[in-house]
> 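Sharing a structure with you now.
Values below: all heavy atoms of this structure, side chains included; hydrogens, waters and symmetry mates excluded. Convention: sequence-line order gives letters A, B, ...; per-chain numbering from 1.
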Amino acid sequence: MKLFATRDASPAGRGGRTGHTGSADDVGTADAPIAPDPAGRRAAGRAVRRRLAGHLVRGLAMIWVVTTISFVIIRNIPGNPVLGQYEALIERGMSPDQAQRATAALYGFLPTGSLWQQYVDYLKALLHLDLGQSLSTPGTEVTTLIAHAASWTILPVLGGTLLSFLLGVTLGVYAGIKRSGKLGDALAISGSLLHGVPQYVLGLLVLAIFTTLWPILPAGGPVDVEFTPGLNGPYLASLIQHATLPVLTYALASYGGWVLAMKSSVATVLGDDFILAAELRGLSRWVLFRYIARNAILPLFTILALSLGMLFGGAIFIERIFNYPGLGLLLVNSIGARDYALMGGTFLVTTVAVIVANIAADLLYAVIDPRVRTGGAA
Amino acid sequence: GTTGNTSSSGAGGIYTTIDGSKQIDASAPINPFNPQGSTFMGYDAMSLGWPKNDLMNPDLFYPGLAGSWSVTPGQGEVVIHLRPQARWSDGKPVTSEDVRTSIGLAYTQGGSAYTVNSGAAGAAADITVVDAKTVKITQGSNRSNAFLRNVLSTVVVPAHVYGSLLPAGFWTTLKTAQGTGPAADKAKAVITGLAQKVIGFSPPADVSAGPFVLERINPGAALLKKNPYFYDAAKIVPDKVKVLNYTGNEQIWNYLVSGKLDNAPFTAVPAAVMARIKATKGNEIRKGYSPVAASLAFNQAHKPYDNVHVRRALAYLIDRGQLTRVASPEAGTPAVTTTGIHASAAKAWLGDGLAKLNPYKVDPAKATKELKAAGMVKRNGLWAMPDGKPWKVRLTVPAEFSDWVAAAKSIASQLNDHGIDATVTTSADYTLYLDELASGKLDIGFWLMALGPSPYNIYQRLYGSANGWSLLAGRLRHSPPGKDGNWMGGPEVVGGVNPGELTNRLNLATPEEQKRIVGTLAGLTNQQLPVIQLYDYVNTQFVNTTRYTGWPPAGSEALRLPAGVWMQLGMIEKK
Amino acid sequence: MISGTGITKTYRQRGNVLGGRDVRALRGVDFSIPKGGAVSFIGESGCGKTTLGRIIAGLETYESGEIVIDGTPMSSLRPKRREAEFRKIQLIHQDPYSALNPTRTIHQTLEAPLALRARRTGRPSSWVDDRAEELLSLVGIDPGYVLGRYPHQLSGGMRQRVVIARALTVDPEMLVADESVSMIDVSMRLSVLALLKDLRERLGVSVLFITHDIATARYIGDEGELYVLYRGQVVERGLTESVISGPVHPYTQSLLSAIPVLHGLERPGRERVVPTEALDERHADSGCLFARRCPFRTERCTAELPELMRVEEPPIGGLAPLPEAPGAAPHEHACFHPVRRSVIPEEAA
Amino acid sequence: MLPGGQGGARATLRRNFWRGVGRVLRRKPSRIAGVAIIALFALMAVFGPMLYPAHLPRDDNALYAAPSLAHPFGTDFEGTDVLALVVTGARYVILTGLATAIITVAVGTALGLLAGFHRGRWDTVLMRITDLQLTIPGLPLLLVLSTVWKFEGPLEMGLVLGLLGWGGIARAVRSQTLSLRERGFIEAARGLGLPTRHIIVRELLPGMAPYIAMNMLIAVTGAIYAQVGLFFLGVLPFDSNNWGVMLNLAVFGGGALTSAAALPYLLAPLLAILLLTLGIVLVVDAMDEIFNPRLREE
Amino acid sequence: MNAPRLLRRSRPAGTVSGGAVPGGAPRPDAGPPPGVRVRDLTVVYKTPLGELPALGGVSLTIDPGTITGIVGESGSGKSTLALSLLNAVQPPGRIAGGSVEVDGLGDVLKLKGDELRGARGRHLGYVFQAAQNSLNPLKTVGKQLLDLGRSHGVDDLAALVRDARALLERMGLDGARVLDSHQHELSGGMRQRVGIMLALVLNARLAILDEPTTALDMITQATILRIVREVHKERGLTTLMVTHDIGVAAEVTDRLAVMYGGRVVEHGPTMDVLGAPSHPYTQGLIRAIPRLSGDPAEARALPGRPPTLGTLPTQGCVFRERCPLRMEVCETSAPLPVRREERTVACHAREPYASAAGRGEHA
Ligand SMILES: Nc1ncnc2c1ncn2[C@@H]1O[C@H](COP(=O)(O)OP(=O)(O)OP(=O)(O)O)[C@@H](O)[C@H]1O
Ligand SMILES: Nc1ncnc2c1ncn2[C@@H]1O[C@H](COP(=O)(O)OP(=O)(O)OP(=O)(O)O)[C@@H](O)[C@H]1O
Ligand SMILES: [Mg+2]
Ligand SMILES: [Mg+2]
């Protein structure tokens with residue numbers, strides 16, 4: 001999602017390089033190398049594990065808080081699922097009497113007991129990874145619904161994000177190196193604009209263009225049901241056809257962020273002394289380019305991990321617009337149906353995705369940045 | 001085959017449609033007892049019969065799995081004769097045992113005919129398997145004229161798939177439950193306790209007695225293939241049916257514009273879109289009777305809507321023709337007046353009586369008179385409450401229903417033109433809206449009404465639980481405004497008439513008596529205006545003639561039924 | 001006016017992947033700075049000079065030890081009073097670029113503390129501007145030129161003077177100058193040193209001078225004292241001239257040997273001490289802290305920690321004893337094998 | 001408290017500041033365009049509703065009229081001029097944006113300063129809360145919240161959006177505070193006994209002004225998008241003209257994506273959003289230079 | 001480590017602790033060290049005030065085999081000069097004119113593309129001003145060494161690594177371990193030595209060191225200076241060392257050039273320049289150095305403040321505003337460098353001392 005609250009995690013928000021520069025260790029004149037002895041490496045491995053443990057504890061604490069918050073909010077949502085179902089049945093032609101009995105049977109298993117008791121039960125079930133039963137799709141586990149939806153979210157999110165990442169990073173390098181040129185400027189402005197425009201605007205424009213003005217692609221849905229699922233041509237073709245517009249929208253929406261982030265990262269790296277030093281040592285253009293690109297892309301990997309986590313739940317507009325059956329749409333629908341369990345579950349999973357992405361991002365950083373890996377400055 | 005309908009399998013081709021009653025949920029079980037279940041009425045889910053859309057008589061049915069039926073006068077006993085050739089898609093015959101099991105399962109869900117509440121009106125007392133193809137169902141002592149139609153609506157599932165859901169001794173338990181006393185209560189609990197298991201039951205594959213059987217489902221669509229064992233298989237033309245999913249009406253419009261759908265049920269459509277739909281090759285519109293109307297409902301517990309003059313004034317100010325043009329130009333006709341009944345049915349029920357009712361034609365002068373009569377005052381060109389406080393008319397509609405939103409905005413604009421400060425507020429969704437309505441938070445809201453053809457169903461919308469009358473254990477009770485969901489807050493007795501009681505009597509009355517009661521209620525409603533009837537919906541079905549023909553004609557009694565039933569009736573033909 | 005005994009300070013380095021590592025920045029330092037006196041701290045990078053300076057200026061906490069200002073032990077005071085006491089001691093930052101707020105003009109920078117004082121003491125507000133100009137003149141810059149300007153419009157030397165002027169707004173009794181001239185161009189460095197010396201002489205302000213450039217320590221005035229710090233310990237102290245010309249501790253000697261010789265003007269000293277190893281903070285803490293690097297170490301050095309002791313008379317090396325002025329600070333060292341060595345360059349003929 | 005002479009000095013400074021701003025803007029014509037766009041929207045928000053009667057006129061005979069001279073963006077389902085809807089709708093949208101921005105900036109800055117300035121336990125607690133705020137995905141939470149909370153107007157809407165959006169600023173301000181704290185001038189100010197209020201308001205905040213201003217602009221846009229998005233999804237009740245409501249009605253009521261008739265009705269608010277974004281992007285570009293005296297010169 | 005415990009020195013040059021090279025650093029191939037002749041070098045920087053000269057026609061001859069020091073205050077153009085020797089002035093700077101002749105390479109300023117790239121590193125070794133950060137933080141030193149080798153088409157990479165290790169060991173480091181380290185695992189002094197190694201490992205014979213000891217500790221600085229001196233001698237280099245610390249220059253250099261405001265104002269043998277400075281700036285500078293010996297009271301700061309690009313006079317002598325010997329002619333005409341014996345001085349006040357033959361260096 002690219003609304004306001006997540007600005008910080010979106011690529012440009014963290015445009016700068018994550019500071020892993022000087023620390024007290026650099027001050028000393030110690031001529032003895034600080035780490036690369038086996039003991040040091042082992043200690044570093046231990047340290048990474050400890051870091052992971054710390055993250056897990058904090059992550060779990062956060063999950064608990066989020067669970068509690070969502071529980072409280074969700075149990076306070078006005079609008080009774082029974083009423084909604086009742087009216088729906090009436091409209092389907094049931095007699096009021098019939099509808100009333102049917103809904104009573106349907107919601108016979110609405111949570112009962114004091115709010116506190118419900119809360120305790122909810123937490124207990126959570127420990128068994130049991131999110132309860134869906135109310136709007138009675139008899140179906142919330143986890144099943146979420147798993148199905150998640151698989152549909154992953155396709156456009158991963159596809160779109162990776163596409164935009166590749167494109168954005170490539171063009172960002174260009175924009176960073178040709179900062180003062182016309183094309184660099186144009187890239188930066190277009191990046192800012194795309195980064196700034198909300199997803200739904202892009203989604204609606206894309207939809208208007210490719211289905212109304214120039215109808216060449218299906219307007220929505222996941223895949224044509226005619227084809228047998230599996231690794232066969234028609235099925236995959238249909239899958240790709242349907243995913244094109246959502247993926248395109250994702251890619252457009254996040255592309256700008258990558259361009260901006262990469263550009264500023266490249267600009268920072270270009271200002272780093274070691275690049276000039278490498279140039280003065282006569283390193284070839286290709287090596288130089290690799291130095292710039294690798295150092296510049298490093299902070300972006302963390303952002304990538306974070307944004308993947310964020311996008312997980314942020315697909316709401318795109319999924320709504322393109323009728324793509326992912327988590328975002330699931331959440332919207334569950335709210336409409338006042339499906340407490342599903343709502344809570346989706347919200348929780350979305351949040352956990354972000355928390356996990358946070359942890360992953362941090363560990364990823366520890367793995368790809370030798371400064372963290374071998375425990376220099378942290 | 002995603003753009004246009006190019007692919008076809010076999011001679012019959014693929015029939016593409018949408019299910020108007022629910023959105024597809026690919027993870028839902030293939031089980032008709034589940035409200036989200038992946039079964040489709042008329043295609044792979046069958047009931048004993050299919051209701052005809054008659055203006056007045058709710059007991060007219062097309063035969064379904066029941067080839068024929070007989071009923072004793074007073075509906076004491078219904079005998080069902082199953083079609084001899086009916087078979088399940090796995091080849092097993094459809095038997096009386098299937099019906100009995102289905103009824104047993106229906107008991108766990110509760111329902112008018114199959115309820116364990118002793119003494120409830122129209123409850124079945126006994127189910128007897130006469131022979132392999134004949135079942136007899138008798139009604140309890142507290143008779144209701146809805147018994148037959150409730151029985152015929154029974155959805156039948158295969159006993160060899162669902163049978164295991166009913167524990168041994170189920171029927172004995174049921175008998176116990178139908179009695180009274182602690183043993184009965186315990187037995188009731190046992191039966192209702194099965195509800196969840198039944199709803200959640202997920203057969204590994206679809207076993208259907210209908211013309212189709214589910215082949216595959218994904219979040220975007222369901223694919224059904226022809227059931228070779230269907231009793232009238234020869235009548236079924238398409239090889240497959242594709243039921244597309246949708247999240248909003250705009251998707252249906254898109255499908256229609258692209259000519260993808262062979263038919264689509266009633267959908268609200270803006271005029272411009274309708275023009276586009278009509279422009280698409282093969283698209284045609286079949287209009288028919290739809291017993292639904294939209295109305296503006298008042299919360300009479302809120303001032304000044306307790307005053308009938310205020311309600312009447314508003315009725316004189318609202319140009320129903322104009323607002324229908326804005327809100328629902330194709331699928332609505334401006335209400336001739338407020339009767340509580342859909343205009344088409346009103347003619348049948350009321351006959352000449354209809355002409356005698358006040359039509360509430362737009363008349364600002366009369367409105368002013370009514371407002372004055374209510375003690376309202378005009379200040380600086382704006383009407384105010386009798387005590388001089390500003391009068392703000394707040395119209396609330398659920399944001400989901402675009403035609404209601406447009407209608408509400410139109411009403412607000414019209415009222416504004418006449419010096420009444422009106423605004424439109426939306427509720428996030430229908431559920432929330434209903435909740436707000438029920439809890440008495442809203443002054444004026446939109447309300448669906450005239451849900452025929454059963455006259456009880458029609459007037460229950462105005463003089464039922466929303467207005468304070470509820471049936472509890474077979475007895476009618478009236479709750480004061482603000483209690484038990486009574487948000488309309490109308491008087492219990494007006495002009496010596498208790499409309500709730502009259503409405504309830506409709507369930508038991510003979511046709512003649514029904515006519516009399518309906519006449520009384522229509523007059524009362526026209527005078528008292530608990531709601532202002534805005535427009536009557538027109539059942540607007542979309543069909544496409546490029547691939548199939550033989551659609552039910554305009555006004556057909558079958559028009560409200562799913563296309564699967566049309567096929568069973570032998571209507572759809574390959575072009 | 002300010003003295004301290006047994007000051008220790010340990011930094012716990014958190015956030016390090018390797019877990020917490022403790023840096024013992026100060027290990028029981030005693031010092032005493034008389035009114036109007038001048039003391040210099042010298043030592044290798046990381047030996048704790050800045051830390052000690054900041055502790056003296058009241059900007060840093062310490063674990064143990066006591067600081068006494070004008071006879072009052074600081075631990076006996078409430079925080080508010082302590083702050084007021086420490087206000088008598090003003091720190092002059094090393095980096096004149098970061099010591100001034102880039103978004104505020106010099107006028108604004110000086111006005112704030114002066115206005116506060118004016119309000120406290122009931123002076124008229126016109127006093128503020130007058131005093132600002134007065135202070136700027138005192139530190140040798142033209143008020144008309146700088147008042148309306150932003151820091152980035154001034155040279156390093158001017159900025160450092162502004163910083164000093166700002167410190168003077170509270171009439172401090174002592175200035176702590178932490179590497180205050182190291183970032184100023186050579187050609188102007190001396191003028192700032194001269195200013196400090198001048199302030200000391202004219203206003204009687206004590207100066208604590210922190211530097212790693214020993215030569216500059218000579219320039220802040222007579223009777224200056226020199227403390228040589230090593231890994232958070234004072235290893236040698238005495239009158240500046242005395243320590244420079246007759247260092248006793250091998251560490252002091254290596255520091256002095258490392259100073260580049262201005263060939264042409266100077267001749268190298270006769271001896272030169274080079275540490276056998278580079279500094280490694282992870283070296284063992286037992287015994288003399290310098291032992292690992294000391295070319296003269298004996299077994300005793302690695303076993304025992306030497307305390308500060310007076311340089312014995314007659315001196316052990318072959319050099320003539322230096323005359324010690326009566327009442328002046330004694331020359332002390334912490335070495336088991338004290339030998340005076342002549343390591344500093346001599347004036348070329 | 002302030003002597004007259006200094007007031008004069010301050011006025012000069014302020015004049016210099018604005019002259020500098022002018023210089024910075026003139027350096028690139030795109031920045032002037034950005035300012036002009038934002039000014040246009042500001043004017044729309046302030047005076048827009050005054051240009052039209054309280055109840056916008058309808059034309060029953062021109063429902064979804066095509067764009068024409070009289071109706072540059074056509075009309076809506078009631079025959080009301082779409083341009084008029086966009087203009088009068090700006091106030092609601094921008095008011096929410098401003099309310100959000102003020103709350104975001106106020107809360108974010110205050111918490112960031114508090115955490116960065118006092119460090120220690122305060123810092124830990126505040127940063128955990130900030131982390132939480134940043135972790136919980138905003139839009140899903142808003143969706144869930146919008147069913148609990150009946151938003152009664154732009155300000156209330158802004159309040160909620162603001163309370164959900166301060167985390168980024170808090171974190172940025174904190175890290176800025178932490179890094180500025182290490183700068184000598186803050187320490188010097190403390191050493192001189194200047195009151196904390198002075199340090200924060202006069203010494204710390206000016207240095208962070210570009211950050212804060214930039215975040216404020218971003219918060220305004222963010223709030224506008226979030227709000228319009230929620231209206232578009234239809235989860236918020238509306239009681240006046242609003243771009244999001246227009247989008248919703250155009251798409252879900254007018255079938256703008258199905259037939260071209262309602263397309264102008266859809267495109268008008270979309271264009272308004274795009275234009276506003278462009279303006280803000282162009283101005284943010286100049287923000288750093290505006291607040292940095294060094295870059296402002298020459 | 002087996003550094004000498006107590007090192008007595010009488011003269012700066014030559015008395016290195018023998019040639020005992022641990023690991024045997026490879027001797028560069030035979031051939032004399034290169035000489036460098038800089039002629040009328042002008043470098044301008046683009047600023048909001050227009051293009052301003054950071055180097056205003058600098059001429060300087062660096063004799064083969066010498067260590068030449070370039071000293072001057074901040075902003076005097078030292079780094080700009082050093083970068084010009086590699087034709088590597090960074091934008092917004094631009095070399096506006098002049099030539100830099102290096103023996104065996106020709107005019108460096110005329111080199112382009114791969115030619116220039118090949119010259120850097122292979123012929124011209126540059127040790128970076130902020131050597132602290134002159135290594136790619138993500139790669140080990142060894143990998144960067146390989147990058148260097150590959151960029152210069154070295155076939156025998158194993159030999160390169162061997163050379164590098166030997167060189168590092170020559171400088172007192174554990175070569176294998178250092179090659180296996182990342183930048184952050186090395187201390188400042190070690191990084192500086194790695195910088196020197198990378199500059200010289202391809203047998204560059206002209207070494208340019210920009211402030212090699214700034215930001216280093218005193219004791220480490222002494223070590224690095226010693227290493228510079230020793231390596232210079234062992235490998236037969238021509239070395240240019242840029243520093244703002246006259247002491248550092250005095251310690252290691254044979255010849256000294258003093259820069260002010262983008263000009264070389266004095267150039268000559270170090271001992272002479274320091275012992276008997278001719279230019280008033282040099283004199284003032286030396287008097288302003290805080291020293292360990294002598295009377296502190298005699299030291300004086302130079303009046304005024306060092307110029308920046310913006311405040312530099314465009315006409316006449318750049319130093320005149322701070323000059324005690326200022327004359328009328330200084331306002332209008334810039335003094336030309338005048339050579340007298342080993343010394344070159346650019347000052348109107350000193351012109352009478354110039355020999356008739358001395359106009360311009362090597363005239
Ligand atoms: N804030 C801090 N956190 C952790 N360690 C610190 C901190 N400040 C200083 N240290 C450590 O304390 C020791 C002493 O530092 P200090 O800054 O006092 O040394 P110094 O003598 O001033 O050095 P320099 O000459 O480099 O300024 C060093 O090892 C340093 O790494
Ligand atoms: N990128 C640049 N843009 C504008 N001016 C520059 C730039 N780089 C250097 N200059 C100017 O060029 C002049 C010479 O700079 P140079 O870096 O060569 O000086 P230096 O003698 O190396 O100084 P230092 O001792 O500070 O390293 C200075 O006045 C400087 O301000
Ligand atoms: Mg320090
Ligand atoms: Mg330089």
> Need one label for Asn218(B): side chain, backbone, both or neither, based on atoms under 4.5 Å from any heavy atom in chain A.
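Looking at Asn218(B), backbone and side chain both touch chain A.
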
> At a heavy-atom distance under 4.5 Å, which candidate from Gly200(B), Pro58(B), Pro219(B) has the highest pair count against chain A?
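When all of Gly200(B), Pro58(B), Pro219(B) are compared, Pro219(B) has the most.
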
> So Gln36(B) and Ser134(A), do their side chains get closer than 4.5 Å, heavy atoms only?
no

> Can you tell which part of Leu244(B) gets under 4.5 Å to a heavy atom of chain A, answering side chain, backbone, both or neither?
neither

> Assess whether side chain to side chain contact (heavy atoms under 4.5 Å, CB included) is satisfied between Lys242(B) and Asp224(A), documenting all intermediate values.
CA-CA 9 Å; Lys242(B) 185 152 75 173; Asp224(A) 198 319; 2.8 Å; yes

> As an exercise, state the distance from CG of Leu207(A) to CG of Asn254(B), rounded to the nearest 0.5 Å.
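Rounded to the nearest 0.5 Å, the CG-CG separation comes to 7.0 Å.
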
> Might you point out which heavy atoms bring Ser27(B) and Leu145(A) nearest each other, and give the distance in Å?
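Residues Ser27(B) and Leu145(A), closest heavy atoms: OG-CD2, 2.9 Å.
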
> What distance separates Glu226(A) CD from Leu223(B) CG, expressed to the nearest 0.5 Å?
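Reported to 0.5 Å precision, the distance equals 6.5 Å.
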
> Chain B: which of Thr228(A), Asn333(A), Leu329(A) shares the most heavy-atom pairs with it under 4.5 Å?
Thr228(A)

> Which atom names give the shortest non-hydrogen contact between Asn323(A) and Asn245(B), and what distance separates them?
ND2-O, 4.0 Å

> Measure Tyr246(B) against the heavy atoms of chain A and call it side chain, backbone, both or neither at under 4.5 Å.
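Tyr246(B) touches chain A through backbone heavy atoms alone.
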
> Against chain A, label Ala106(B) side chain, backbone, both or neither, depending on which of its atoms sit under 4.5 Å from a heavy atom there.
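Looking at Ala106(B), nothing touches chain A.
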
> Please identify, among Gly464(B), Ser454(B), Ala222(B), the residue contributing the most non-hydrogen atom pairs under 4.5 Å to chain A.
Ala222(B)

